[in-house]
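Only one structure is covered here, and it is reproduced in the block below.
Note that the coordinates shown come from a computational prediction; the quantities given were computed from them, not determined experimentally.
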Amino acid sequence: MANKKFVFFVSLSSNAINVLKQAIEMIDQNNEVSIFFDLDGARILDRRYLRKLDRTHGEDLAQLLTSASQLGIKLYGCQMNILIADGLELVDGAELAGVVTFLETAYQADAVLSY
């Protein structure tokens with residue numbers, strides 16, 4: 001099967017665990033995966049927020065983010081997000097990106113999934 005490119009758009013932090021698990025599964029199948037976090041979803045890229053959450057739904061969110069980053073999943077936080085203005089402390093492996101980056105990545109993707 002040919003490698004495919006997937007882009008996830010996460011707007012709710014409560015969806016992050018399921019998206020990260022699915023993204024890790026997809027990358028294990030030699031696909032390329034990018035995840036854009038915006039609105040409430042961007043909070044999971046904040047170190048301070050992760051320190052408040054030991055576990056969510058029985059999962060270690062910080063460990064899932066670390067694993068995703070180490071596997072090559074690109075993690076982006078929207079630079080226009082209000083949380084960024086409040087001084088978001090990005091987790092390792094995440095970077096800020098704007099609409100142009102999202103659109104360029106989405107146009108090249110085989111599928112864009114929104115959560």
Please check: side-chain N/O of Asp38 versus main-chain N/O of Ser11, any donor-acceptor pairing under 3.5 Å? no
Which heavy atom in Leu61 sits nearest to a heavy atom in Ala16, and how many Å separate them? CD1-CB, 4.4 Å
Is it true that Thr66 and Gln70 share a donor-acceptor pair across their side chains at a distance under 3.5 Å? no
Please round to the nearest 0.5 Å and tell me the distance separating atom CG of Leu45 and atom CG of Leu65. 6.5 Å
Would a single hydrophobic cluster contain both Phe8 and Ile27, if residues Ile, Leu, Val, Met, Phe, Trp and Tyr are joined by side-chain heavy-atom contacts under 4.5 Å? yes
Connected via hydrophobic side-chain network under 4.5 Å: Phe37 and Leu96: yes
Short N-O contact, Glu32 and Lys74, less than 4.0 angstrom: yes
On a heavy-atom basis, which atom in Val33 and which in Ala23 lie closest, and how many Å separate them? CG1-CB, 3.7 Å
From the list Tyr115, Phe102, Phe36, Tyr76, ring-ring contact (aromatic ring centres under 6.0 Å, His included) with Phe9 holds only for Phe102
Using the rule that Ile, Leu, Val, Met, Phe, Trp and Tyr join whenever any side-chain heavy atoms are under 4.5 Å apart, tell me whether Ile35 and Ile24 fall into a single cluster. yes
In one Ile/Leu/Val/Met/Phe/Trp/Tyr side-chain cluster, 4.5 Å: Leu90, Leu75: yes
For the residue pair Leu50 and Val91, what are the closest heavy atoms and their distance? CD1-CG1, 3.4 Å
Hey, is CD on Glu25 packed in by over 12 heavy atoms from elsewhere, all under 6.0 Å? no
What is the distance from atom CE of Met26 to atom CG of Asn31, rounded to the nearest 0.5 Å? 7.0 Å
Whether Thr101 side chain and Ala97 backbone form a donor-acceptor pair below 3.5 Å: no
Determine the minimum heavy-atom distance between Ala109 and Val7, stating which atoms define it. CB-CG2, 3.7 Å
Non-hydrogen side-chain atoms of Ile73 and Leu20 separated by less than 4.5 Å: no
Scan side-chain atoms only and decide if Ser13 and Asp40 contain a donor-acceptor pair under the 3.5 Å cut-off. yes
Apply the salt bridge (Lys or Arg N to Asp or Glu O under 4.0 Å) test between Glu89 and each candidate in Arg47, Arg48, Arg43; give the one that qualifies. Arg48
Under a 4.5 Å side-chain heavy-atom rule over Ile, Leu, Val, Met, Phe, Trp and Tyr, are Leu113 and Leu71 clustered together? yes
Which atom pair, heavy atoms only, marks the closest approach of Thr105 to Ser34? CG2-OG, 3.8 Å
Which atom of Gly93 lies closest to which atom of Ser69, heavy atoms considered: CA-OG, 3.3 Å
